[in-house]
Amino acid sequence: MDPKIRLLIIDDEPLIRRAFQKLFSGSDYHVVVAEDGLQGLEIWQKHHFDFVFIDILMPGLNGWEVLESKSEWGSTRVQMMSAFTGDLSDKKVWIEKIDGFLPKPFENVMGIKQWVESHKA
Amino acid sequence: MQYWTSRAYEKSEADNSFKFKFKQHAQFSDLSQELGSVWFIELDHNPPVDPVIPKLRPPLLILLNSDNLADYQKVLNDWQPDILLLANQKSEIDGWIEKLQIQALTRSKKRQTQKTQMDRNRELELLAGNLEKLVEQRTQWIEASNREQRDLIRSDRRFVQFLIDLSFQNSKEELLNSFLQEFRKLRLAQEIYLLHQDSDHLTLQHFKGHNFQKIQFNESWWTSREIETLGENCSRKLSSVVGRPVGKLVVFPLPAYFENLATENWALVIERGSALALGEGDFSNIKKHVQALGLTLEKNRLENHNRLSALRWEKVFDGALDPIAIITKNFEILRHNKNFSKNENPIKKCYSVLAGRNDVCPQCPLVSTELESYEIQASHRTFQVMSHKIDESSEFFLHRYVDITDVQDKRVQFIQNEKLSSIGQIAEQMAHEIYNPLAGILALVEILLADETLLATTKADLIEIQKAAVRAQKVIENLQDFVSQENEVTAITLEEIIDKTLPLLKMNWRSYKLHLDLHTQSKKIHVQPQLISQVVYNLIQNACQSMEKGKSLQLKSFLTSDSVVLEVIDQGSGIPEALQASLFKPFFTTKATGEGTGLGLSLSKQFVERFGGKLTFSSRVGQGSTFRMEIPFGS
Ligand SMILES: [Mg+2]
């Protein structure tokens, strides 16, 4: 087993991807980034991750569609991210399966790192 | 057979002497008649026993032509003659018989005279009696005929009264009940039924106690349109339904007076006691009544029909939301509905009642022609007049006034809503597009700032970046609020609203001096914040657009006893007096094409009024305008 914590960041916003890479830049973490939903899904299908952060509005597959295609992710912890705060009532099934929802802009970036630290296996 | 001989004297006319004469009689009554007051009977042989001499009789003298008395024993016993002469005494009696006879004759003569007199009297009496009888008969007959006449008149009167009574009865139930009562009184029927027949059913309608009952039969057992006595099977059928024995049924078809209205057959069915037969008079009486029933039913049907259509028309007329009036070509109101005017307005002119004018409305369809649309102004509203000519000679017109003020308002509202929702969508998309990089910037800055080895100057730069990003985020948030479709009434201070609105106007007021003088922090108003924010936005934008650069704009707020007041005071060009009246009208604008839609002030006024407020202004050309928004804060 890889002793490092493995994270996958799927977001079409380069600044967000860069912020996550910077946040988890230590030797304890292995961060993989994907620029859109499709790329993210391909990577996720091939590799195991401990944490996956998925943006919702992206070209190609959106965040929910990535979840639908993956459908099962075992012990992996998943957080959705979006600047969109509209109606989520038809996403209840997925919201129950995921571990959290991060509205953009993030209120507390350091808090994300703390959450990962406290939930690593 | 000759039983009797009588000897009688007859007076000879020639010598005035009496001649003795024999006569033979077949019967005693003949004999006794002949004998007159004295009965003289000469018996030649023994007569039969049968003739009985009546006890009451004139004196009886019997002469026996035989000497053997024993031969006559029986008859003598029976007859008991007053004088009995034997054959040998015959000569002796001639004399006094003659005497007797003369006496008898005289008496008889006298009696005869008396008798004649009596006869005549009797005859007279008889005649008189007959006459009397005749008179009595005549009298009786006349009386009878009088009575009949009277009865006839009474029956006619009764019928007429009945007809009059009928006219007060409107429902079929009342009508039928009247007929039933009348028929019972006249002993024409014990029960009556109204029979109704259409293509599928036969229905008998009648009273059971006080209830009107309908009995439906699936089969048709009445086919002809003639008066018809129904068979006993019909009575039996009915009997099984009404639960009592049913007498003889006679159907009288109701004449269809209004053929074009009659789609079904109606008839009156008379039920008689089984023993009673209908006389000729009864028949014609019933027919007379049936005719009346038919007429009354038709009349009621027509009346109901007319009343209903009149009522319906009245309802439609009055219920119409648009004012409607029928007017003459001289603008006189003939009829109008409630929305035209609540009062009755006889002989008044339409323009005075509806528009409160002294002269004809400028765009009245009766005076102006060939306009695309006829629009008149009445009590601050705009009506489009739909004019319909009622008659050929163009004397009367039906005018419908369609209030297009609301239509205009609605159009404005619609456009504004459309605008808002499209702005809303754009704002939503923009927010998303901006939030993503903002989120990245803020996240990165935060991460960078966490590095304790940073140079102080770099750290200061990063903090500035962070501040700018936060400001940008706020602007987007305000924009989202501003166009939000969720219009919940909230308790909020005017200051909060102005705080949220001003950042959106930065572009506008940057070139002007802005003075804020707000003193309404202590009172909250209950409004939909975005709407009032739009009003504030509009007022400030209008003010800025009317001013040259460098002039100052003042926002002043204060409390009155019941309201929060905001005054937006500019140093602009002011509003010419001629335009002031139209300022709040939809689509009115003084701005160049493309700069304004003209919706701003009219909608702003509506928004403020929605919360019980007022939007007013005062303006002087060359000096500027002050717009004043007042919103009550309530208790
Ligand atoms: Mg995105």
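Labels below follow one simple rule: chain letters A, B, ... track the order of the sequence lines, proteins then strands, and each chain is numbered from 1.
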Looking at every heavy atom in both B:Ala439 and A:Ile16, which two are closest together, and how far apart are they? CB-CD1, 3.6 Å
Measure the CG-CG distance between B:Asn436 and A:Leu57 for me, rounded to the nearest 0.5 Å. 8.0 Å
With side chain to side chain contact (heavy atoms under 4.5 Å, CB included) as the criterion, how do A:Lys104 and B:Leu442 come out once you've worked through the C-alpha distance, each side chain's angles and the decisive distance to 0.1 Å? CA-CA 10 Å; A:Lys104 291 181 195 172; B:Leu442 284 168; over 6 Å; no
Using heavy-atom distances under 4.5 Å, tell me whether A:Asp12 contacts chain B through its side chain, its backbone, both, or neither. neither
How far does CD of B:Glu446 sit from NZ of A:Lys22, to the nearest 0.5 angstrom? 14.0 Å
Rounded to the nearest 0.5 Å, how far apart are CD1 of B:Ile441 and CZ of A:Arg18? 13.0 Å
Looking only at heavy atoms, the pair that brings B:Leu438 and A:Pro105 closest together is CB-CG, 4.4 Å
Does a sphere of radius 6.0 Å around NZ in B:Lys614 hold more than 12 heavy atoms from other residues, nucleotides or ligands, not counting ones at 6.0 Å or beyond? no
Side chains of B:Ile447 and A:Lys113, heavy atoms from C-beta outward: is any pair under 4.5 Å? no
Does NZ belonging to A:Lys70 count more than 12 external heavy atoms closer than 6.0 Å? yes
Could you check whether atom CD of A:Gln45 has more than 12 heavy atoms from other residues, nucleotides or ligands sitting under 6.0 Å from it? yes
